[in-house]
Amino acid sequence: DSGVTQTPKHLITATGQRVTLRCSPRSGDLSVYWYQQSLDQGLQFLIQYYNGEERAKGNILERFSAQQFPDLHSELNLSSLELGDSALYFCASSSKSRTDTQYFGPGTRLTVL
Amino acid sequence: AQSVTQLDSQVPVFEEAPVELRCNYSSSVSVYLFWYVQYPNQGLQLLLKYLSGSTLVKGINGFEAEFNKSQTSFHLRKPSVHISDTAEYFCAVISIFGNEKLTFGTGTRLTIIP
């Protein structure tokens, strides 16, 4: 158990819909990262938050957005869903610096029908 | 920008045999290097990481990796594998400054043959 929790574990929805994925980092970790894992793209970095502020953006679509709340939990919002958004979405957290290990949650499997 | 290449998408190995999973990287700046393991239906777990110092790094579950700067490689090894090592293994890098994202390779599926 990494200490990072993600809900829900599975999500099945239809094209055009909007969903919210939730992540609670390990106690004391200030950084939260979101990654997408799909068969065709592999593991791709989406976005990072540090202590409530956006710190880095990766290959995140404009239809996707995220935020980190004062209690440090984070949410990833995916809207106008397309079939190609079906993937495993991971949240990871780390303490402060890039040398600290990123601990991954169990992931949310999103299926868009 | 960085990139990571894992040349072998699948590696079958007999139980108790040694294994080496290859990883090469490309980067215009220095990087830190990581190996993660993903067991079926689970998240990623850190096996080991190289930050600085000795180029031979020991990790969990009997794995080790050697950083070779001239060959830009970070190969993962285990002298004797077990059925429980069946999993997907990912090599990843982070640049020493700038964006803190992990850049992953495409993964190597290790299958242990009894």
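Per chain, numbering begins at 1; letters A, B, ... match sequence-line order.
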> Could you state the interatomic distance from CZ (Phe34(B)) to OG1 (Thr101(A)), rounded to the nearest 0.5 Å?
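Atom-to-atom, Phe34(B):CZ and Thr101(A):OG1 are 6.5 Å apart.
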> Rounded to the nearest 0.5 Å, how far apart are CZ of Phe104(B) and CD of Gln37(A)?
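Phe104(B) CZ to Gln37(A) CD: 8.5 Å, rounded to 0.5 Å.
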> Between Leu102(B) and chain A, which part of the residue has a heavy atom less than 4.5 Å away: side chain, backbone, both or neither?
both
> Mind checking the OH-CG spacing from Tyr35(A) to Leu44(B)? Nearest 0.5 Å is all I need.
9.5 Å
> Test Gln38(B) against Leu88(A) for side chain to side chain contact (heavy atoms under 4.5 Å, CB included), laying out the working first.
CA-CA 13 Å; Gln38(B) 185 177 26; Leu88(A) 200 48; 4.2 Å; yes
> Sort Lys49(B) into side chain, backbone, both or neither according to what part of it lies under 4.5 angstrom from a heavy atom of chain A.
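Only the side chain of Lys49(B) comes within 4.5 Å of chain A.
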> Counting heavy atoms not belonging to Phe97(B), are there more than 12 under 6.0 Å from its CZ?
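Atom CZ in Phe97(B) is not crowded, with 12 or fewer foreign heavy atoms closer than 6.0 Å.
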> Rounded to the nearest 0.5 Å, how far does NZ of Lys101(B) lie from CG of Asn59(A)?
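If I round to the nearest 0.5 Å, the distance is 6.0 Å.
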> Report yes if the side chains of Asn99(B) and Phe45(A) come closer than 4.5 Å at any heavy-atom pair, otherwise no.
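Yes, at least one pair of side-chain atoms sits under 4.5 Å.
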> About how many Å separate OG1 of Thr99(A) and OH of Tyr32(B), when rounded to the nearest 0.5 Å?
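Separation between the atoms: 6.0 Å.
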> Please answer: with hydrophobic residues joined when any side-chain heavy atoms are less than 4.5 Å apart, are Val112(A) and Val19(A) in the same cluster?
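Shared cluster, yes.
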> Indicate if Trp35(B) and Leu110(B) have the same hydrophobic cluster label, given that clusters are the connected sets of ILVMFWY residues with side-chain heavy-atom separations under 4.5 angstrom.
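Yes, same cluster.
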> Are Leu33(B) and Val57(B) co-members of a hydrophobic cluster defined by side-chain heavy atoms under 4.5 Å apart?
yes
> For Leu39(A), look at atom CG and say whether over 12 heavy atoms of other residues, nucleotides or ligands are found less than 6.0 Å away.
no
> Compare all side-chain heavy atoms of Glu100(B) with those of Arg55(A) and state whether any distance is below 4.5 angstrom.
yes
> Hey, which of Ile94(B), Thr103(B), Thr106(B) has the most heavy atom pairs under 4.5 Å with chain A?
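Looking at each option in turn, the highest pair count goes to Ile94(B).
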> Check this for me: Asp71(A), atom CG, are more than 12 non-hydrogen atoms of other residues, nucleotides or ligands nearer than 6.0 Å?
yes
> Are Tyr89(B) and Val93(B) connected in a single hydrophobic cluster, I mean Ile/Leu/Val/Met/Phe/Trp/Tyr linked by side-chain heavy atoms less than 4.5 Å apart?
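Yes, Val93(B) connects to Tyr89(B) through the hydrophobic network.
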> Could you tell me which portion of Gln102(A) (side chain, backbone, both or neither) has an atom closer than 4.5 angstrom to a non-hydrogen atom of chain B?
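Both parts, heavy atoms under 4.5 Å.
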> Hydrophobic cluster membership, with links at side-chain heavy-atom distances under 4.5 Å among I/L/V/M/F/W/Y: are Phe63(B) and Tyr103(A) in one?
no
> By a 4.5 Å heavy-atom criterion (distance strictly below it), what part of Gln45(B) contacts chain A: side chain, backbone, both, or neither?
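Neither part.
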> So for atom OH, which belongs to Tyr39(B), do other residues, nucleotides or ligands contribute more than 12 heavy atoms lying within a distance under 6.0 Å?
yes
> Examine whether an atom of Asp1(A) lies under 4.5 Å from a heavy atom of chain B, and if so say whether it belongs to the side chain, the backbone or both; otherwise answer neither.
neither
